Amino acid sequence: MRDNVRGGALTETTFFVMLALYRPNHGYGIMRFIEEKTNGRLVLGAGTLYGAINNLVSKGWIAPCGEEPGSAKKLYTITETGRKVAERELERLMELCDIAREIIERSGD
């Protein structure tokens, strides 16, 4: 996972995993969330997902938060640090869209 922490750019996978964890969720739930929100455009395999989870836990952006009741599925949630990172990414993407919109709209002149 090649997130550019200094520049603020996150990979799409990282950003979606973090978004999926604004509510506690387990691995399969994260995969379903991402596939649903992207209308099937982004489908993660288990290896990619659990690599991302391990990386995000090591960065302190997400954290384990127990197990799903009645199941052994480990739940994860986004941390305060992770929320700040996700908010910065949203701002970066909005700025990118604003710049692109301005350039594209002016190109029709």
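Being a predicted model, the structure only gives us computed values, none of them experimental.
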Inset, instruction - Indicate yes or no for a side-chain donor-acceptor contact from N54 to the backbone of Y50 under 3.5 Å, with no hydrogens or angles considered. - result: yes
Legend entry - N/O donor-acceptor pair under 3.5 Å between T79 side chain and G60 backbone: yes
Least distance between heavy atoms, [X] atom then [Y] atom:
X: L49; Y: G27; answer: CD2-O, 3.1 Å
X: T38; Y: I34; answer: OG1-O, 2.8 Å
X: F33; Y: F16; answer: CE2-O, 4.0 Å
X: A52; Y: V17; answer: CB-CG2, 4.4 Å

Legend entry - Residues R92 and E89 bridged, charged N to O under 4.0 Å: yes
Inset, instruction - Considering only NZ, NE, NH1 and NH2 on the basic side and carboxylate oxygens on the acidic side, decide whether E35 and R32 come within less than 4.0 Å. - result: no
Inset, instruction - Count the heavy atoms belonging to other residues, nucleotides or ligands that lie under 6.0 Å from CZ of R23, then report whether that count exceeds 12. - result: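 It does not: R23 CZ has 12 such atoms or fewer within range.
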Inset, instruction - Could you tell me whether Y28 atom OH has more than 12 heavy atoms of other residues or ligands within 6.0 Å of it? - result: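 No, because the 6.0 Å sphere around OH of Y28 holds 12 heavy atoms or fewer from other groups.
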Legend entry - ILVMFWY cluster, I62 and L44 together (side-chain gap under 4.5 Å): yes
Inset, instruction - Using the test side chain to side chain donor-acceptor pair (under 3.5 Å), find all partners of E102 that sit at least two apart in sequence or belong to another chain. - result: R106
Legend entry - Heavy-atom check, side chain of Y76 versus side chain of V57, under 4.5 Å: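 Of all side-chain heavy-atom pairs linking V57 with Y76, at least one is under 4.5 Å.
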Legend entry - Check: I53 and I30 side chains under 4.5 Å, non-hydrogen atoms: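 In short, these two side chains touch, coming nearer than 4.5 Å.
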Legend entry - Passing candidate, side-chain contact (heavy atoms from CB on, under 4.5 Å) with W61, options M18, E80, R83, K84: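 The single option meeting the side-chain contact (heavy atoms from CB on, under 4.5 Å) with W61 is M18.
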Legend entry - I103 side, atom CD1; D98 side, atom CG - distance, nearest 0.5 Å: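 CG of D98 is found 11.0 Å from CD1 of I103.
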